[in-house]
Undergrad: 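Mind looking over this structure? Questions follow.
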Amino acid sequence: MSPLPTAHLRQLSKQVGFDLVGFARAEPIPPDFLLGWLEAGCAADMDWLGTRAAERLDVSLLLPGARTVIAFATNYYRDEPRSSGSPIARYARGRDYHSTLRDKLKAFRRLISEAYPEVHHYGSVDSGPLMEKVWAARAGLGYVGKNGCFITEPYGSWVLLSALVLDAEVDAYAGGPAEDRCGHCRRCIMSCPTGALLGQGRVDARACLSYQTIENRHAEVPESFRVEMDNIIFGCDICQDVCPLNRSPVFTPNERFAPRAVAELGVMELAALTPEQYAQLIPGTALARAKYDGLRRNAVYALGATKQTEARPLLERLSEDPSEQVRHAAQWALRHLDA
Ligand code: B12
Ligand code: SF4
Ligand code: SF4
């Protein structure tokens, strides 16, 4: 089979609405980045990152005969005043990005199958066993900054990634990651409230508020981290907000990233969320991952962290909530108000 023309693939990528696309050879990934990180315990309890490590490191285990990985980046930056003070990280304020990216990838795969029916492909968005930052770097879309995020020239780090593995060659491959533009800057490392950034783009998930507010649904958030949850309820953008390479964000016209009504709520309103409001506001957004009690628990921590005395009546009510995690969080927040 002759190599697929990248000019045509770029055109198809644009047609389905990806903002950046690049091409990398499907070579195995040196294991140290992932295995060293897992061995150091940086994955916290996200065991799923280790269980499919072999596939993450070698895409030919996902698609026999893999030759090429196409990496895509999608800009999600929106800055509507009504959501500017939201305690929800930017990427999660609109429709669930998984479905937005999955739809684009599905459309791209359909076009590839029509144009090149003999080519097989394996696609993944976020939760699949693909190291998306590594592929985006190899495909020349940017590089991994000291804040652990993938930084592109046109959009900074306000991009979401996805990737597609093909069992065909393409006619041109990128020469590797873009030039590292961090230089001597350490702003993100100094600004991370919980010391989660270890240098060289390594993130200790155990200490990252993004992990604690989204993935840590079973255990309590350690007290030394709770006190840093100032206006942080789902995800954390601090190490991106302080980055000088994010100073000129590009506003995406993609309506699916437009903030939904939930992004207009403050911490107190989220702590007081009723099951009816939850059912009305949360389904279809990424916030559903934290579940009803997880979201309220986080909001309650945030009320305690900022010692909001006007929240006392609400916290007293929540200290008798049927959910153990909300109850414990409210009892802690009340103690913290008085400390
Ligand atoms: C697990 C995970 C998390 C964990 C751990 C974070 C981490 N940095 O590992 C937690 C829950 C903390 C998290 C948080 C966030 N996440 Co997250 N997360 C992932 C996930 C599922 C896997 C990441 C992973 O494999 N980590 C293991 C480490 C060892 O690998 P790595 O992250 O790729 O980093 C190493 C390599 O890239 C290597 N490297 C760097 N350059 C190069 C070049 C080459 C050639 C090679 C070989 C290697 C290499 O060095 C890095 C450090 O060792 C990816 C989706 C995916 N399938 O990839 C999303 C992903 C990384 N997350 C994403 C997002 C948006 C976030 C948040 C911004 C959300 C938020 N606002 O709260 C935060 C950012 C926190 C931070 N500062 O990084 C986006 C990143 C977008 C971007 N522009 O970078 C991704 C890609 C999801 C997506 N589909 O878009 N996340
Ligand atoms: S997302 Fe927040 S807690 Fe995590 S590394 Fe960045 S600044 Fe630190
Ligand atoms: S804040 Fe500075 S060190 Fe951190 S990612 Fe941005 S440029 Fe790099």
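Note that the numbering runs from 1 along the sequence shown for the chain. Atoms within a ligand are numbered from 1 in the order they appear, just like the ligands themselves. Note that this is a predicted model, so its numbers are computed, not measured.
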Undergrad: Which residue supplies the protein heavy atom nearest to atom 75 (C) of ligand 1, what is that atom called, and how far is it?
TA: Cys208 SG, 4.2 Å

Undergrad: Under 3.5 Å, N or O to N or O, is Val159 touching ligand 1 that way?
TA: yes

Undergrad: Kindly assign one of parallel, tilted or perpendicular to the pair Tyr77 and Trp158, based on the angle between their ring planes and the thresholds 30° and 60°.
TA: tilted

Undergrad: Trp37 versus ligand 1: do any nitrogen or oxygen atoms come within less than 3.5 Å of each other?
TA: no

Undergrad: Does atom 52 (C) of ligand 1 have a protein non-hydrogen atom under 4.0 Å from it?
TA: yes

Undergrad: Check each heavy atom of Phe150 against ligand 1 and say whether those closer than 4.0 Å belong to the side chain, the backbone, both or neither.
TA: both

Undergrad: Out of all atoms in ligand 1, which are within 4.0 Å of some heavy atom of Val134? Include the element for each.
TA: 36 (C), 37 (O), 46 (C), 47 (C), 48 (C)

Undergrad: Is at least one protein non-hydrogen atom found at under 4.0 angstrom from atom 58 (O) of ligand 1?
TA: yes

Undergrad: For atom 86 (C) of ligand 1, tell me which residue out of Met46, Glu132, Arg56 has the closest non-hydrogen atom.
TA: Glu132

Undergrad: Tell me, with the steps shown, if Leu295 and Ile233 meet side-chain contact (heavy atoms from CB on, under 4.5 Å).
TA: CA-CA 7 Å; Leu295 266 188; Ile233 287 188; 4.0 Å; yes

Undergrad: What atoms of ligand 2 come closer than 4.0 angstrom to any heavy atom of Leu197?
TA: 5 (S)

Undergrad: With a cut-off of 4.0 Å, which atoms of ligand 1 are near a heavy atom of Gly148?
TA: 78 (O)

Undergrad: Heavy-atom distance from atom 48 (C) of ligand 1 to the protein below 4.0 Å?
TA: yes

Undergrad: Heavy atoms, side chains only, cut-off 4.5 Å: are Ile214 and Ser210 in contact?
TA: yes

Undergrad: Any idea which atoms of ligand 1 are less than 4.0 Å away from a heavy-atom of Gly201?
TA: 52 (C)

Undergrad: Check the angle between the aromatic planes of Phe257 and Tyr76 and answer parallel, tilted or perpendicular using the 30° and 60° thresholds.
TA: tilted

Undergrad: Would you say Arg78's side chain and Asn254's backbone share a donor-acceptor pair under 3.5 angstrom?
TA: yes

Undergrad: Go through ligand 2 atom by atom and flag the ones less than 4.0 Å from a non-hydrogen atom of Ile238.
TA: 7 (S)

Undergrad: Give the residue, atom name and distance (to 0.1 Å) of the protein heavy atom nearest atom 6 (Fe) of ligand 3.
TA: Cys243 SG, 2.4 Å

Undergrad: Should the proximity of Cys236 to ligand 1, defined as any heavy atom under 4.0 Å, be assigned to the side chain, the backbone, both, or neither?
TA: backbone

Undergrad: Side chain, backbone, both or neither: which part of Thr194 has a heavy atom under 4.0 Å from ligand 2?
TA: side chain

Undergrad: Go through it in stages, so that I can follow the logic: the residues are Tyr211 and Asp45, the test is side chain to side chain donor-acceptor pair (under 3.5 Å), and I'd like the CA-CA distance, side-chain angles, deciding distance and then a yes or no.
TA: CA-CA 10 Å; Tyr211 166 80; Asp45 69 350; 2.6 Å; yes

Undergrad: Using a strict cut-off of 4.0 Å, indicate which atoms of ligand 2 neighbour a heavy atom of Cys192.
TA: 3 (S), 5 (S), 7 (S), 8 (Fe)

Undergrad: Run the numbers on Val119 and Asp167 for side-chain contact (heavy atoms from CB on, under 4.5 Å), then give the verdict.
TA: CA-CA 6 Å; Val119 174; Asp167 64 355; 3.7 Å; yes

Undergrad: Evaluate Tyr97 for polar contact with ligand 1, using N/O atom pairs at a separation under 3.5 Å.
TA: no

Undergrad: Could you check atom 3 (S) of ligand 2 against the protein and tell me its nearest heavy-atom contact, residue, atom and distance included?
TA: Leu209 N, 3.1 Å

Undergrad: Within a distance of under 4.0 Å, is there any protein heavy atom near atom 21 (C) of ligand 1?
TA: yes

Undergrad: Is atom 2 (Fe) of ligand 2 less than 2.8 Å from at least one N/O/S atom of Cys236?
TA: yes

Undergrad: So does Cys239 have any N/O/S atom less than 2.8 Å away from atom 6 (Fe) of ligand 2?
TA: yes

Undergrad: Show the atoms of ligand 1 that are less than 4.0 angstrom away from any heavy atom in Gly235.
TA: 72 (O)

Undergrad: Measure the distance from atom 4 (Fe) of ligand 2 to every protein heavy atom, then report the residue, atom name and distance (to 0.1 Å) of the closest one.
TA: Cys208 SG, 2.4 Å

Undergrad: Pull out every atom of ligand 3 sitting under 4.0 Å from any heavy atom of Cys182, numbered as shown with elements.
TA: 3 (S), 5 (S), 7 (S), 8 (Fe)

Undergrad: Which atoms of ligand 3 are found less than 4.0 Å from any heavy atom of Arg187?
TA: 1 (S)

Undergrad: Step through the shown structure and confirm whether more than 12 heavy atoms of other residues, nucleotides or ligands are within 6.0 Å of CD on Glu320.
TA: no

Undergrad: Quick check on Ser157 - does any of its heavy atoms sit under 4.0 Å from an atom of ligand 1?
TA: yes

Undergrad: Okay, side chain of Asp293, backbone of Val326: is any donor-acceptor separation there less than 3.5 Å?
TA: no

Undergrad: Counting from 1, what ligand 1 atoms have a heavy atom of Cys239 closer than 4.0 Å?
TA: 77 (N)

Undergrad: Below 4.0 Å, non-hydrogen atoms only: which portion of Asn147 touches ligand 3? Side chain, backbone, both or neither.
TA: both

Undergrad: Which residue holds the protein heavy atom closest to atom 24 (C) of ligand 1, what is that atom called, and what is the gap in Å?
TA: Leu49 CD2, 4.4 Å

Undergrad: Please state which protein non-hydrogen atom is closest to atom 19 (C) of ligand 1 and give its distance, to 0.1 Å?
TA: Asp126 OD1, 5.0 Å

Undergrad: At what distance is the nearest protein heavy atom to atom 40 (C) of ligand 1, and which residue and atom is it?
TA: Val144 CG2, 3.5 Å

Undergrad: How close does the nearest protein non-hydrogen atom get to atom 38 (C) of ligand 1, and which residue and atom is it?
TA: Phe33 CD2, 3.4 Å

Undergrad: Students should be able to answer this: which protein heavy-atom is nearest to atom 77 (N) of ligand 1, and at what distance?
TA: Asn147 O, 2.7 Å

Undergrad: With no hydrogens and no angle check, is any side-chain donor or acceptor of Trp135 less than 3.5 Å from a backbone partner on Ala26?
TA: no

Undergrad: Relative to the heavy atoms of Cys188, which atoms of ligand 3 are at a distance of less than 4.0 Å?
TA: 1 (S), 3 (S), 4 (Fe), 5 (S)

Undergrad: Is atom 12 (C) of ligand 1 in close reach of the protein, with a heavy atom under 4.0 Å away?
TA: yes

Undergrad: With a 4.0 Å cut-off on heavy atoms, is Val125 touching ligand 1?
TA: no

Undergrad: Should you measure from each heavy atom of Leu160, which atoms of ligand 1 turn up under 4.0 Å away?
TA: 65 (C), 90 (O)

Undergrad: Show which atoms of ligand 1 fall inside a sub-4.0 Å distance from at least one heavy-atom site of Leu130.
TA: 56 (C), 57 (N), 58 (O)

Undergrad: Is ligand 1 under 4.0 Å from a heavy atom in the side chain of Tyr91, in the backbone, in both, or in neither?
TA: side chain

Undergrad: Could you tell me whether a side-chain N or O of Arg226 sits under 3.5 Å from a main-chain N or O of Val221, the two making a donor and an acceptor?
TA: yes

Undergrad: Any N or O of Ala89 that comes nearer than 3.5 Å to an N or O of ligand 1?
TA: no

Undergrad: Using heavy-atom distances, let me know which of Lys133, Gln200, Arg138 sits nearest atom 31 (P) of ligand 1.
TA: Lys133

Undergrad: Distance under 4.0 Å to a non-hydrogen atom of Gln240: what atoms of ligand 1 satisfy this?
TA: 68 (C)

Undergrad: Could you check whether atom 27 (C) of ligand 1 has a protein contact, counting only heavy atoms that fall below 4.0 angstrom?
TA: yes

Undergrad: Any nitrogen or oxygen of Ser210, side chain or backbone, less than 3.5 Å from one on ligand 1?
TA: yes

Undergrad: Show which atoms of ligand 3 fall inside a sub-4.0 Å distance from at least one heavy-atom site of Cys185.
TA: 1 (S), 2 (Fe), 3 (S), 7 (S)

Undergrad: When you look at CE of Met190, are more than 12 heavy atoms from neighbouring residues, nucleotides or ligands closer to it than 6.0 Å?
TA: no

Undergrad: Which one holds for Arg90 and ligand 1: side chain close, backbone close, both close, or neither close, with close meaning a heavy atom under 4.0 Å?
TA: neither

